[in-house]
Amino acid sequence: MKLVEVVLYEVEMKMKTPFTTSLGTMQNKKFIVLEVKDEDGVIGWGEGVAFEEPSYTEETLKTSLHMLEDFLIPALLGKEIVHPDDVYELLRPIRRNQMAKASIEGAVWDIYAQKQNKSLAQVLGGSRPKIEVGISIGLQPTDAALIATIQRFLDEGYKRIKVKIKPGKDIELLRTIRTAYPDIPLMADANSSYTLEDLALLKQLDEFNLMMIEQPLAYDDFLDHAKLQKHINTPICLDESITSLDDARKAIEVGGCGVVNIKIARVGGISEAKRIHDYCAEKNIPVWCGGMLEAGIGRAQNVALTSLANFTMPGDTAASSRYWDEDLIKPEVMVNDGYITVPTTLGLGYEVNRKTLEKYTINKRVFSI
Ligand code: MG
(Lines give C-alpha, C1' and ligand atoms only; values in the text may rest on other atoms or scores of the structure.)
Protein backbone atom coordinates (compact mmCIF):
# COMPACT_ATOMS: atom_id res chain seq x y z
CA MET A 1 0.00 0.00 0.00
CA LYS A 2 0.96 3.64 -0.39
CA LEU A 3 -0.34 6.31 1.99
CA VAL A 4 -1.59 9.32 0.05
CA GLU A 5 -3.36 11.44 2.66
CA VAL A 6 -3.38 11.98 6.42
CA VAL A 7 -6.02 14.08 8.19
CA LEU A 8 -4.87 15.09 11.64
CA TYR A 9 -7.63 15.94 14.12
CA GLU A 10 -6.95 17.53 17.49
CA VAL A 11 -9.80 16.46 19.71
CA GLU A 12 -10.91 17.47 23.20
CA MET A 13 -13.32 15.34 25.21
CA LYS A 14 -14.42 15.69 28.81
CA MET A 15 -14.03 12.61 30.98
CA LYS A 16 -17.02 11.54 33.05
CA THR A 17 -15.03 11.75 36.26
CA PRO A 18 -11.54 13.10 36.94
CA PHE A 19 -8.80 10.42 37.04
CA THR A 20 -6.10 10.85 39.71
CA THR A 21 -2.76 9.03 39.98
CA SER A 22 0.54 9.81 41.74
CA LEU A 23 1.28 11.89 38.61
CA GLY A 24 -1.71 14.23 38.74
CA THR A 25 -5.39 14.58 37.85
CA MET A 26 -7.04 14.62 34.43
CA GLN A 27 -10.56 15.82 33.62
CA ASN A 28 -10.48 17.00 29.99
CA LYS A 29 -8.51 14.90 27.59
CA LYS A 30 -7.00 16.45 24.48
CA PHE A 31 -5.71 13.89 22.00
CA ILE A 32 -5.02 13.17 18.34
CA VAL A 33 -7.07 11.24 15.81
CA LEU A 34 -5.49 10.33 12.47
CA GLU A 35 -7.48 9.45 9.37
CA VAL A 36 -5.09 7.85 6.91
CA LYS A 37 -5.94 7.04 3.30
CA ASP A 38 -4.08 4.76 0.91
CA GLU A 39 -3.91 4.87 -2.89
CA ASP A 40 -7.02 2.65 -3.19
CA GLY A 41 -9.05 5.00 -1.00
CA VAL A 42 -9.07 2.63 1.99
CA ILE A 43 -9.20 4.59 5.24
CA GLY A 44 -7.54 3.58 8.50
CA TRP A 45 -7.84 5.27 11.88
CA GLY A 46 -5.24 5.92 14.55
CA GLU A 47 -5.25 7.64 17.94
CA GLY A 48 -2.45 9.59 19.63
CA VAL A 49 -2.77 9.17 23.38
CA ALA A 50 0.07 11.28 24.84
CA PHE A 51 -1.08 13.47 27.72
CA GLU A 52 -0.65 17.23 27.75
CA GLU A 53 2.05 17.03 30.41
CA PRO A 54 5.21 14.89 30.31
CA SER A 55 4.40 13.12 33.59
CA TYR A 56 3.82 9.55 32.43
CA THR A 57 6.53 9.55 29.76
CA GLU A 58 8.46 12.42 28.20
CA GLU A 59 5.99 12.69 25.32
CA THR A 60 3.17 15.23 25.26
CA LEU A 61 0.32 16.11 22.94
CA LYS A 62 2.44 18.93 21.50
CA THR A 63 5.55 16.80 20.97
CA SER A 64 3.35 14.25 19.17
CA LEU A 65 1.96 16.96 16.89
CA HIS A 66 5.48 18.21 16.17
CA MET A 67 6.78 14.70 15.44
CA LEU A 68 3.83 13.80 13.22
CA GLU A 69 3.81 17.01 11.20
CA ASP A 70 7.54 17.48 10.78
CA PHE A 71 8.90 13.92 10.69
CA LEU A 72 6.54 10.95 10.86
CA ILE A 73 3.89 11.85 8.27
CA PRO A 74 6.55 13.02 5.75
CA ALA A 75 8.52 9.80 6.38
CA LEU A 76 5.52 7.63 5.46
CA LEU A 77 3.53 9.51 2.79
CA GLY A 78 4.10 7.92 -0.62
CA LYS A 79 6.33 5.12 0.70
CA GLU A 80 5.69 1.50 -0.34
CA ILE A 81 4.40 -0.40 2.69
CA VAL A 82 3.96 -4.16 2.24
CA HIS A 83 3.18 -5.01 5.86
CA PRO A 84 2.50 -2.76 8.88
CA ASP A 85 5.76 -4.05 10.43
CA ASP A 86 7.49 -1.97 7.73
CA VAL A 87 6.31 1.21 9.48
CA TYR A 88 8.45 0.42 12.53
CA GLU A 89 11.46 0.00 10.25
CA LEU A 90 10.72 3.14 8.19
CA LEU A 91 10.50 5.15 11.41
CA ARG A 92 13.49 3.51 13.11
CA PRO A 93 15.92 6.38 12.22
CA ILE A 94 13.70 8.67 14.31
CA ARG A 95 14.51 8.03 17.94
CA ARG A 96 11.87 7.15 20.51
CA ASN A 97 8.66 9.28 20.38
CA GLN A 98 6.81 5.97 20.67
CA MET A 99 3.33 7.43 21.19
CA ALA A 100 3.54 9.62 18.12
CA LYS A 101 4.81 6.67 16.06
CA ALA A 102 2.08 4.36 17.39
CA SER A 103 -0.65 6.81 16.40
CA ILE A 104 0.09 6.52 12.68
CA GLU A 105 1.23 2.87 12.76
CA GLY A 106 -2.17 1.87 14.19
CA ALA A 107 -3.94 3.42 11.20
CA VAL A 108 -1.74 1.41 8.81
CA TRP A 109 -2.70 -1.80 10.67
CA ASP A 110 -6.38 -0.83 10.22
CA ILE A 111 -5.92 -0.38 6.45
CA TYR A 112 -3.89 -3.59 6.19
CA ALA A 113 -6.53 -5.65 8.02
CA GLN A 114 -9.31 -4.30 5.77
CA LYS A 115 -7.30 -5.14 2.65
CA GLN A 116 -6.77 -8.67 3.95
CA ASN A 117 -10.54 -8.94 4.47
CA LYS A 118 -9.93 -9.58 8.15
CA SER A 119 -10.47 -7.97 11.52
CA LEU A 120 -7.47 -6.43 13.28
CA ALA A 121 -7.59 -9.26 15.85
CA GLN A 122 -7.51 -11.84 13.05
CA VAL A 123 -4.49 -10.36 11.24
CA LEU A 124 -2.66 -10.20 14.56
CA GLY A 125 -3.34 -13.90 15.14
CA GLY A 126 -5.69 -13.34 18.09
CA SER A 127 -7.44 -16.45 19.31
CA ARG A 128 -9.82 -15.24 22.04
CA PRO A 129 -13.44 -14.57 21.06
CA LYS A 130 -13.84 -12.43 24.18
CA ILE A 131 -11.43 -10.80 26.59
CA GLU A 132 -11.52 -10.47 30.37
CA VAL A 133 -11.72 -6.96 31.66
CA GLY A 134 -10.28 -5.36 34.77
CA ILE A 135 -10.72 -1.84 36.02
CA SER A 136 -8.18 0.79 37.01
CA ILE A 137 -9.34 3.06 39.80
CA GLY A 138 -7.65 6.40 40.42
CA LEU A 139 -6.87 7.75 43.88
CA GLN A 140 -10.11 8.62 45.69
CA PRO A 141 -10.68 11.44 48.19
CA THR A 142 -11.85 9.14 51.03
CA ASP A 143 -11.84 5.45 51.99
CA ALA A 144 -15.63 5.42 51.74
CA ALA A 145 -15.46 6.74 48.16
CA LEU A 146 -12.84 4.11 47.31
CA ILE A 147 -14.91 1.21 48.66
CA ALA A 148 -18.06 2.52 46.97
CA THR A 149 -16.20 2.80 43.65
CA ILE A 150 -14.78 -0.72 43.94
CA GLN A 151 -18.21 -2.11 44.80
CA ARG A 152 -19.78 -0.40 41.79
CA PHE A 153 -17.28 -1.94 39.38
CA LEU A 154 -17.49 -5.39 41.01
CA ASP A 155 -21.26 -5.17 40.56
CA GLU A 156 -20.68 -4.39 36.88
CA GLY A 157 -18.69 -7.65 36.61
CA TYR A 158 -15.10 -6.38 36.26
CA LYS A 159 -12.66 -9.26 36.81
CA ARG A 160 -9.90 -7.55 38.75
CA ILE A 161 -9.42 -4.32 40.60
CA LYS A 162 -6.34 -2.17 40.16
CA VAL A 163 -5.80 0.76 42.48
CA LYS A 164 -3.33 3.57 42.29
CA ILE A 165 -1.05 4.06 45.29
CA LYS A 166 1.57 6.64 46.25
CA PRO A 167 3.61 7.41 49.36
CA GLY A 168 1.19 8.16 52.20
CA LYS A 169 -1.67 6.46 50.38
CA ASP A 170 -0.52 2.86 50.26
CA ILE A 171 -0.43 0.35 53.14
CA GLU A 172 -3.50 1.63 55.00
CA LEU A 173 -5.39 2.04 51.74
CA LEU A 174 -4.67 -1.56 50.74
CA ARG A 175 -5.55 -2.77 54.25
CA THR A 176 -8.91 -1.00 53.99
CA ILE A 177 -9.62 -2.76 50.68
CA ARG A 178 -8.46 -6.19 51.87
CA THR A 179 -10.57 -5.89 55.04
CA ALA A 180 -13.65 -5.23 52.92
CA TYR A 181 -12.73 -7.69 50.14
CA PRO A 182 -10.36 -10.43 51.38
CA ASP A 183 -10.40 -12.42 48.12
CA ILE A 184 -10.90 -10.18 45.08
CA PRO A 185 -8.15 -10.20 42.42
CA LEU A 186 -6.34 -7.02 43.42
CA MET A 187 -3.22 -5.19 42.27
CA ALA A 188 -1.63 -1.80 42.90
CA ASP A 189 0.08 0.64 40.53
CA ALA A 190 2.60 3.08 42.00
CA ASN A 191 3.55 4.89 38.77
CA SER A 192 7.21 5.14 39.84
CA SER A 193 6.56 6.92 43.12
CA TYR A 194 8.97 4.92 45.38
CA THR A 195 12.71 4.24 45.61
CA LEU A 196 14.75 1.46 47.24
CA GLU A 197 14.84 3.63 50.36
CA ASP A 198 11.20 2.59 50.79
CA LEU A 199 12.17 -1.10 50.97
CA ALA A 200 10.69 -1.67 54.44
CA LEU A 201 7.36 -0.26 53.32
CA LEU A 202 7.36 -2.15 50.01
CA LYS A 203 7.99 -5.42 51.88
CA GLN A 204 4.69 -4.88 53.68
CA LEU A 205 2.86 -5.24 50.35
CA ASP A 206 3.30 -9.02 50.62
CA GLU A 207 0.64 -9.27 53.33
CA PHE A 208 -2.11 -8.19 50.88
CA ASN A 209 -1.82 -11.08 48.42
CA LEU A 210 -1.64 -8.72 45.44
CA MET A 211 -1.54 -10.17 41.91
CA MET A 212 1.39 -7.79 41.34
CA ILE A 213 2.83 -4.40 42.19
CA GLU A 214 3.10 -2.26 39.08
CA GLN A 215 6.09 0.01 38.45
CA PRO A 216 7.02 0.79 42.07
CA LEU A 217 10.43 2.33 41.21
CA ALA A 218 11.88 4.72 38.63
CA TYR A 219 10.28 4.96 35.19
CA ASP A 220 13.53 4.11 33.41
CA ASP A 221 14.87 1.42 35.73
CA PHE A 222 15.36 -2.36 35.54
CA LEU A 223 18.17 -2.92 38.05
CA ASP A 224 16.59 -1.54 41.20
CA HIS A 225 13.41 -3.43 40.39
CA ALA A 226 15.51 -6.62 40.20
CA LYS A 227 17.01 -5.79 43.62
CA LEU A 228 13.55 -5.14 45.03
CA GLN A 229 12.15 -8.40 43.62
CA LYS A 230 14.73 -10.32 45.69
CA HIS A 231 13.14 -8.90 48.85
CA ILE A 232 9.44 -9.22 48.10
CA ASN A 233 7.21 -12.11 47.02
CA THR A 234 4.66 -9.94 45.20
CA PRO A 235 5.52 -10.13 41.48
CA ILE A 236 6.78 -6.86 40.01
CA CYS A 237 5.06 -5.73 36.83
CA LEU A 238 6.74 -3.11 34.66
CA ASP A 239 4.85 -0.45 32.74
CA GLU A 240 6.77 2.83 32.21
CA SER A 241 10.17 1.06 31.97
CA ILE A 242 9.22 -1.04 28.94
CA THR A 243 9.36 1.07 25.78
CA SER A 244 10.50 -1.68 23.36
CA LEU A 245 11.10 -5.40 22.96
CA ASP A 246 14.72 -4.82 23.92
CA ASP A 247 13.64 -3.22 27.20
CA ALA A 248 11.41 -6.22 27.96
CA ARG A 249 14.28 -8.61 27.26
CA LYS A 250 16.69 -6.70 29.53
CA ALA A 251 14.17 -6.33 32.35
CA ILE A 252 13.33 -10.04 32.28
CA GLU A 253 16.99 -11.12 31.98
CA VAL A 254 18.02 -9.20 35.11
CA GLY A 255 15.02 -10.49 37.06
CA GLY A 256 13.32 -7.13 37.43
CA CYS A 257 10.03 -8.03 35.84
CA GLY A 258 7.68 -10.97 36.41
CA VAL A 259 4.72 -9.52 34.51
CA VAL A 260 4.61 -7.01 31.64
CA ASN A 261 1.95 -4.38 31.12
CA ILE A 262 1.89 -3.91 27.34
CA LYS A 263 0.66 -0.57 26.02
CA ILE A 264 0.64 -0.13 22.26
CA ALA A 265 1.42 3.59 22.53
CA ARG A 266 4.29 3.21 24.99
CA VAL A 267 6.16 0.73 22.78
CA GLY A 268 5.75 2.52 19.44
CA GLY A 269 2.89 0.56 17.95
CA ILE A 270 1.01 -2.67 17.47
CA SER A 271 3.92 -4.49 15.75
CA GLU A 272 6.28 -3.99 18.70
CA ALA A 273 3.48 -4.78 21.18
CA LYS A 274 2.97 -8.11 19.42
CA ARG A 275 6.71 -8.82 19.43
CA ILE A 276 6.84 -8.19 23.19
CA HIS A 277 3.81 -10.44 23.64
CA ASP A 278 5.51 -13.24 21.65
CA TYR A 279 8.80 -12.88 23.54
CA CYS A 280 7.08 -12.95 26.92
CA ALA A 281 5.10 -16.05 25.88
CA GLU A 282 8.40 -17.81 25.12
CA LYS A 283 9.77 -16.82 28.53
CA ASN A 284 6.58 -17.74 30.42
CA ILE A 285 6.05 -14.15 31.50
CA PRO A 286 2.33 -13.27 31.58
CA VAL A 287 1.24 -10.01 30.00
CA TRP A 288 -1.84 -7.81 30.15
CA CYS A 289 -2.91 -4.73 28.22
CA GLY A 290 -2.68 -1.39 29.98
CA GLY A 291 -4.63 1.77 29.20
CA MET A 292 -3.93 5.44 28.44
CA LEU A 293 -7.51 6.71 29.02
CA GLU A 294 -8.10 6.02 25.34
CA ALA A 295 -11.12 7.03 23.33
CA GLY A 296 -12.70 4.52 20.96
CA ILE A 297 -9.99 4.02 18.35
CA GLY A 298 -7.23 3.29 20.85
CA ARG A 299 -9.63 1.22 22.90
CA ALA A 300 -10.56 -0.87 19.83
CA GLN A 301 -6.86 -1.56 19.16
CA ASN A 302 -6.44 -2.72 22.77
CA VAL A 303 -9.37 -5.11 22.39
CA ALA A 304 -7.80 -6.64 19.26
CA LEU A 305 -4.33 -6.93 20.84
CA THR A 306 -5.72 -8.55 23.99
CA SER A 307 -7.19 -11.38 21.90
CA LEU A 308 -3.62 -12.79 21.60
CA ALA A 309 -3.03 -15.97 23.61
CA ASN A 310 -0.52 -14.76 26.24
CA PHE A 311 -2.79 -11.96 27.50
CA THR A 312 -3.68 -14.26 30.37
CA MET A 313 -4.46 -11.52 32.89
CA PRO A 314 -7.40 -9.10 32.73
CA GLY A 315 -6.30 -5.73 31.33
CA ASP A 316 -7.35 -2.10 31.80
CA THR A 317 -9.52 -1.96 28.66
CA ALA A 318 -12.84 -1.00 30.23
CA ALA A 319 -16.09 -0.07 28.52
CA SER A 320 -16.25 3.25 26.63
CA SER A 321 -18.87 4.35 29.15
CA ARG A 322 -16.40 4.02 32.03
CA TYR A 323 -14.66 7.19 30.77
CA TRP A 324 -16.90 8.90 28.21
CA ASP A 325 -20.50 10.08 27.93
CA GLU A 326 -20.16 9.61 24.18
CA ASP A 327 -17.32 7.78 22.44
CA LEU A 328 -16.00 8.31 18.91
CA ILE A 329 -16.94 4.82 17.71
CA LYS A 330 -20.10 2.89 17.07
CA PRO A 331 -20.95 0.59 18.56
CA GLU A 332 -19.08 1.72 21.67
CA VAL A 333 -16.87 -0.79 23.50
CA MET A 334 -19.30 -2.66 25.76
CA VAL A 335 -18.55 -4.84 28.77
CA ASN A 336 -20.91 -7.70 29.57
CA ASP A 337 -20.37 -9.53 32.83
CA GLY A 338 -16.68 -8.63 32.81
CA TYR A 339 -16.01 -9.53 29.17
CA ILE A 340 -15.65 -7.61 25.90
CA THR A 341 -16.54 -9.56 22.75
CA VAL A 342 -13.75 -9.20 20.19
CA PRO A 343 -15.33 -7.88 16.98
CA THR A 344 -14.92 -9.87 13.77
CA THR A 345 -15.85 -7.12 11.32
CA LEU A 346 -13.10 -5.77 9.07
CA GLY A 347 -10.27 -3.63 10.40
CA LEU A 348 -10.70 -2.03 13.81
CA GLY A 349 -14.07 -3.74 14.20
CA TYR A 350 -15.80 -0.51 15.22
CA GLU A 351 -16.89 2.32 12.96
CA VAL A 352 -15.69 5.86 13.62
CA ASN A 353 -18.66 8.14 14.16
CA ARG A 354 -17.72 11.14 12.02
CA LYS A 355 -20.44 13.31 13.51
CA THR A 356 -19.11 12.80 17.02
CA LEU A 357 -15.54 13.25 15.83
CA GLU A 358 -16.38 16.61 14.20
CA LYS A 359 -18.25 17.70 17.32
CA TYR A 360 -15.17 17.29 19.54
CA THR A 361 -12.56 18.42 16.99
CA ILE A 362 -10.83 21.68 17.91
CA ASN A 363 -8.31 21.72 15.05
CA LYS A 364 -7.80 19.84 11.82
CA ARG A 365 -5.08 19.71 9.18
CA VAL A 366 -4.63 17.71 5.98
CA PHE A 367 -1.35 16.35 4.62
CA SER A 368 -1.19 14.75 1.20
CA ILE A 369 1.12 13.92 -1.68
MG1 MG B 1 0.73 1.77 35.13
Side-chain angles (χ1 to χ4, degrees), residues 15 18-26 29 49-51 53-60 98-99 102 133-140 153 158-167 169-170 173-174 177 185-195 198 202 205 208 210-222 224-225 228-229 232 234-244 247-248 251-252 256-268 272-273 276-277 280 285-294 298-299 301-302 305-306 311 313-318 322-323:
M15 294 177 57
F19 193 86
T20 302
T21 71
S22 62
L23 309 170
T25 296
M26 185 174 309
K29 187 167 187 208
V49 300
F51 300 142
E53 288 165 9
S55 52
Y56 170 73
T57 68
E58 71 279 14
E59 289 189 81
T60 67
Q98 268 83 336
M99 294 187 187
V133 181
I135 194 88
S136 174
I137 298 174
L139 288 159
Q140 303 291 313
F153 289 122
Y158 285 95
K159 302 290 186 192
R160 70 99 168 99
I161 299 292
K162 159 170 152 181
V163 290
K164 297 288 187 176
I165 59 170
K166 66 176 186 179
K169 279 213 160 194
D170 39 40
L173 180 148
L174 291 167
I177 299 172
L186 179 67
M187 58 176 287
D189 183 3
N191 287 112
S192 299
S193 54
Y194 299 90
T195 70
D198 301 306
L202 292 167
L205 293 173
F208 302 114
L210 301 176
M211 299 167 76
M212 69 197 87
I213 170 73
E214 185 178 346
Q215 197 73 39
L217 308 178
Y219 68 91
D220 55 357
D221 168 78
F222 309 133
D224 283 357
H225 282 99
L228 173 62
Q229 188 67 86
I232 64 173
T234 307
I236 292 176
C237 168
L238 292 184
D239 172 355
E240 284 89 333
S241 290
I242 308 293
T243 66
S244 65
D247 283 346
I252 292 166
C257 176
V259 181
V260 178
N261 165 347
I262 297 183
K263 290 182 182 171
I264 293 168
R266 199 193 60 233
V267 302
E272 190 76 344
I276 294 172
H277 163 276
C280 289
I285 300 285
V287 304
W288 55 278
C289 182
M292 288 293 294
L293 311 174
E294 288 95 344
R299 200 160 292 275
Q301 293 174 355
N302 290 344
L305 183 72
T306 307
F311 281 89
M313 294 178 152
D316 280 346
T317 310
R322 187 258 188 273
Y323 295 105

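All values derive from a computational prediction rather than experimental measurement. Remember, it's 1-based here, ligands and their atoms both numbered in the order they're listed.
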Just checking: E240, one of its N/O/S atoms, less than 2.8 Å away from the Mg ion (ligand 1), yes or no? no
Within rounding of 10°, what is the angle whose vertex is the Mg ion (ligand 1) and whose arms end at OD2 of D239 and OD2 of D189? 180°
Side chain of S192, backbone of L217: donor and acceptor closer than 3.5 Å? yes
Backbone of I135 reached by a side-chain donor or acceptor of R160 within 3.5 Å: yes
Where is the tightest heavy-atom contact between E214 and N261, given as atom of each residue plus distance? OE2-ND2, 2.8 Å
Kindly give the atom name of the N, O or S atom of E214 closest to the Mg ion (ligand 1). OE2
Going by the rule salt bridge (charged side-chain N to carboxylate O under 4.0 Å, His left out), which residues pair with K263 if we only count those two or more places apart in sequence or in a different chain? D239
